[in-house]
Asker: 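Here you go, one structure.
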Protein chains: 4
Amino acid sequence: MSPRAEATRRRLFEATMRLARSRGLVAVTVDEIAAEAGVAKGTVYYNFGSKDGLVEALLRYGVDLLAERLRAPASDPDPMAGLAAMVDAALVFMSEYPGFSQILVSELWRAPGRWQATLLPLRENIVLVLEDQLRRVAGAGRFPQGVPLRTAAAALFGTLLVVALDWLVFEPGRSREEVRDAVLALLAARAQ
Amino acid sequence: MSPRAEATRRRLFEATMRLARSRGLVAVTVDEIAAEAGVAKGTVYYNFGSKDGLVEALLRYGVDLLAERLRAPASDPDPMAGLAAMVDAALVFMSEYPGFSQILVSELWRAPGRWQATLLPLRENIVLVLEDQLRRVAGAGRFPQGVPLRTAAAALFGTLLVVALDWLVFEPGRSREEVRDAVLALLAARAQ
Amino acid sequence: MSPRAEATRRRLFEATMRLARSRGLVAVTVDEIAAEAGVAKGTVYYNFGSKDGLVEALLRYGVDLLAERLRAPASDPDPMAGLAAMVDAALVFMSEYPGFSQILVSELWRAPGRWQATLLPLRENIVLVLEDQLRRVAGAGRFPQGVPLRTAAAALFGTLLVVALDWLVFEPGRSREEVRDAVLALLAARAQ
Amino acid sequence: MSPRAEATRRRLFEATMRLARSRGLVAVTVDEIAAEAGVAKGTVYYNFGSKDGLVEALLRYGVDLLAERLRAPASDPDPMAGLAAMVDAALVFMSEYPGFSQILVSELWRAPGRWQATLLPLRENIVLVLEDQLRRVAGAGRFPQGVPLRTAAAALFGTLLVVALDWLVFEPGRSREEVRDAVLALLAARAQ
DNA sequence: CATGAATGAGTCTTCATTCAT
DNA sequence: TATGAATGAAGACTCATTCAT
């Protein structure tokens, strides 16, 4: 793909996320997306084939970016510090891309949804990163017993999403640190 | 309102929830809703005036029902048992109305959303019920310090939603008790 | 179907035939058809579901009408007179519906075409009517041997189409009788 | 024109005929033609300026080729043998270029059609070749009186087209000789 | 009261054409 | 000379809403 096309695609992603935040993917029109990105409508179809194609590529793009951000703190020697850094990284991502977070929370639990086939493996990606970290935390004896790590990781992902959105939508004045500490405090993953 | 009209309205609500579960409110058409409910399209307009009118009435109906279910366990003399019963009641509601839960998670954090004006006061209702219960738990010394009760209640509501949806969509085989215990274990409210 | 809907459909058929004559079905837009018929565009979709649906119904409508016209002279006791009357009936139909004739000649020999599945059985209908008549002519000893009746009937149908169109497009001044006699003279189906 | 360009143009012609056979000229896109011919889309515009330019060149190319094929048997000293050879040559051409034949039958009788201005003189060419031959047949006393030769030639052209298409589309198993003999038998030109 | 045929503004999509490289 | 990314006017189709019956 040419660098020019690459840039065009990224601009279409950003435009879509900005617009979908308040109205949802379905209610955003291709005309609006093209206008917001500063390209002609045909360009969307030249690059993605359809509105659905654009959405699918956007979901991949966003989730891959989030997973990459989450993976960075995994190497921290202190598991609890690493977990805190992951929570923080997630909050950073979600405040950078509130539109994408809104899209995720809207689309992730449809049964079956138009993009389930795309989203499921992507979600798996993220949950695995979190699960690995929780395993390290558990290995350090700092995770409550009785909850399967897979379940805890999935719950952590969902909780992060909704807490971040609560923060961004209803209490944008609070600092990221506050929110991060609240999440950690609400998780049982703190010292006994 | 006549009992017959009442029944028609309820059937339209149920049809809407069934259809919106996998596609979202915006993507569901009035034709489909009428067909699914077994009435003529004109009947929707006769009863609700518009699609938005139907949606608004549905949101009120669902949230009021959920709030009512949550309020019942508040009278339990043991705050922790009451909290557990509330979590359980929420899970019961969400498994009874998975479509409504999906609608909530899709619409609650739009900024600003088409139904924000309707949803915000309704959400307030639910969060307040949870906050009151958390206050009782805190009064019994069983809630970690440092997290404002309002924030904790809001987070609890979101977490309940996403954990319930995780359960219903991805692990429908698990029992409600398991899920409830996982939620309680993951909340710091199990301190001591 | 209500009489009102019936009338609407017929008007859409007539409008489509008028417009398709000079440009072909593909080049005619649904907007134009609706405007020509004096209804809103949505009415086309309410009645036929799609442009293709309209075209398919139109093909059925036109071919059935033609077959009906052709069947009338079959009862003539004189087979040659009956054949002449059939040729005449076909020419009458084609001069009444030149647009439909143009559609037929454009669509009949696509391989495979979008409406082949619809057209093939319809064409069979017409060819059978002609074949039956040729069989009566042959029974009276007035048809050359060596050409299968099926083939002759199919060829007669095609020839009628193109001769009628030659007449309507290039020599509209000639009378129908002249054209009919030319067709009959060019066919070997005349006295030996 | 360079030989290479000549080859490119011919490949675009062949691609267009292949694609237009089942869908018609209007429904075939420049993208498809370029892909089928194995060249970039820009090459079409480089060589023909527009889609219409390509189509016009194709019509000229095909009709000239057909006329050339038809002219060859005109020198046969036996007019009936020459006519039979012409019919045969036409059938050979149409079986070699079924797509072109389909284009002709679709476009020839539009009133007025997009390519009428191009097609009419071309058609005149072919009809004249046939008319000349019929004149020779009539000179030998083997053509029925009462049908103007111009009309008979035009009808013969149309009949050849539709009989050939009937053959190619509905009865591809039959031999060309059979079809040729059927055409001749059905023409009154076999008188005596 | 209820219906369903009809409406038309608004969407998604196509595709002939242009033009920078 | 050839390419293919980009364009935007135009076309197929949707769907909330209206209204005569």
Side-chain angles (χ1 to χ4, degrees), chain A residues 1-9 12 26-35 37-55, chain B residues 2 4-5 8 26-35 39-55, chain C residues 1-9 12 26-35 37-55, chain D residues 2 4-5 8 26-35 39-55:
Chain A
M1 191 186 317
S2 73
R4 185 187 175 196
E6 188 102 23
T8 300
R9 285 172 182 234
L12 284 167
V26 181
V28 172
T29 71
V30 175
D31 277 83
E32 290 170 322
I33 294 171
V39 300
K41 187 173 13 173
T43 302
V44 175
Y45 290 89
Y46 184 77
N47 279 283
F48 298 105
S50 68
K51 183 181 174 183
D52 271 25
L54 163 62
V55 170
Chain B
S2 77
R4 184 183 168 202
T8 298
V26 180
V28 171
T29 70
V30 176
D31 274 87
E32 289 170 320
I33 293 170
V39 301
K41 181 159 44 165
T43 303
V44 175
Y45 287 87
Y46 184 76
N47 279 281
F48 296 104
S50 69
K51 183 183 175 183
D52 269 26
L54 163 62
V55 169
Chain C
M1 191 185 317
S2 74
R4 185 187 177 197
E6 188 102 22
T8 299
R9 284 171 183 234
L12 284 166
V26 180
V28 172
T29 71
V30 175
D31 278 84
E32 288 170 323
I33 292 172
V39 301
K41 185 174 17 174
T43 302
V44 174
Y45 290 90
Y46 183 76
N47 279 283
F48 297 105
S50 67
K51 183 182 175 183
D52 270 27
L54 164 62
V55 169
Chain D
S2 77
R4 184 184 167 203
T8 299
V26 180
V28 171
T29 71
V30 175
D31 274 87
E32 289 170 319
I33 293 171
V39 302
K41 180 157 47 165
T43 303
V44 175
Y45 288 87
Y46 184 76
N47 279 281
F48 295 104
S50 69
K51 182 184 176 182
D52 269 26
L54 164 62
V55 169

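The chains referred to below are lettered A, B, ... by the order of the sequence lines, with proteins before strands, and numbering in each begins at 1. These numbers come from the heavy atoms of this one structure, side chains and all, not from hydrogens, waters or symmetry mates.
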Asker: Taking donor-acceptor contacts at under 3.5 Å, does the side chain of B:Lys41 reach the base of E:dT3?
Answerer: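 Check fails, no donor-acceptor contact within cut-off.
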Asker: Using atom NZ of C:Lys51 as one end and atom P of E:dT14 as the other, report the distance to the nearest whole Å.
Answerer: 15 Å
Asker: Roughly, in whole Å, what's the span from CG in A:Asp31 to P in E:dA9?
Answerer: 16 Å
Asker: Runs of at least three consecutive Watson-Crick or G-U pairs, both distances under 3.5 Å, are what I'm after; which ones involve DNA chain E?
Answerer: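 E:2-21 with F:2-21 - these are the stems of 3 or more pairs that involve DNA chain E.
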Asker: Which one of A:Asp31, A:Thr8, A:Leu54 satisfies the side chain to side chain contact (heavy atoms under 4.5 Å, CB included) criterion with A:Val44?
Answerer: A:Leu54
Asker: How do B:Asp52 and A:Ser2 order along DNA chain F: which one's closest nucleotide is nearer the 5' end?
Answerer: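 Between the two, 5'-proximity favours A:Ser2.
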Asker: Got a second to check how far A:Asn47's CG is from A:Glu6's CD, nearest 0.5 Å?
Answerer: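 The CG atom of A:Asn47 sits 10.0 Å away from the CD atom of A:Glu6.
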Asker: Taking for each residue the nucleotide of DNA chain F with the nearest heavy atom, is it A:Ala40 or B:Val28 whose nucleotide lies nearer the 5' end?
Answerer: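 So the residue in question is A:Ala40.
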Asker: Once you apply a heavy-atom cut-off of 4.0 Å, does A:Val39 come out as touching a base, just sugar-phosphate, or nothing?
Answerer: sugar-phosphate
Asker: May I ask you to say what A:Val44 touches in the nucleic acid, namely base, sugar-phosphate or nothing, with a heavy-atom cut-off under 4.0 Å?
Answerer: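 Nothing: the residue A:Val44, judged by heavy atoms under 4.0 Å, touches no strand.
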Asker: Reckon D:Arg4 touches a base, only the sugar-phosphate, or nothing at all at heavy-atom distances under 4.0 Å?
Answerer: sugar-phosphate
Asker: Can you tell me how far OG1 of B:Thr29 sits from NZ of B:Lys41, rounded to the nearest 0.5 angstrom?
Answerer: 7.5 Å
Asker: Is any side-chain heavy atom of C:Phe48 closer than 4.5 Å to one of C:Leu12?
Answerer: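 Yes, side chains in contact.
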Asker: For D:Tyr46, report the nucleic acid contact type (base, sugar-phosphate, nothing); a contact means any heavy atom under 4.0 Å.
Answerer: sugar-phosphate
Asker: If you assign B:Asn47 and A:Val26 each to the DNA chain E nucleotide with the nearest heavy atom, which residue ends up on the more 5' nucleotide?
Answerer: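 Its nucleotide being nearer the 5' end, the pick is B:Asn47.
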Asker: Heavy atoms only, 4.0 Å cut-off, all strands: where does B:Thr29 land among base, sugar-phosphate and nothing?
Answerer: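 Touches sugar-phosphate only.
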Asker: Under 4.0 Å from any heavy atom of chain A: name the first and the last nucleotide of DNA chain F that qualifies, 5' to 3'.
Answerer: F:dG4 to F:dA10
Asker: Who passes ring pair (Phe, Tyr, Trp, His ring centres under 6.0 Å) against C:Tyr45, sequence neighbours left out?
Answerer: none
Asker: At less than 4.0 Å, is any side-chain N or O atom of A:Tyr45 found next to OP1 or OP2 of E:dT14? Yes or no.
Answerer: no
Asker: Answer yes or no: is there a donor N or O on one side and an acceptor on the other, between the side chain of D:Lys51 and the main chain of D:Val28, under 3.5 Å?
Answerer: yes
Asker: Would you mind telling me which residue lines up with the more 5' stretch of DNA chain E, B:Thr8 or D:Gly49, judged by nearest nucleotide?
Answerer: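 Checking each residue's closest nucleotide, the 5'-ward one belongs to B:Thr8.
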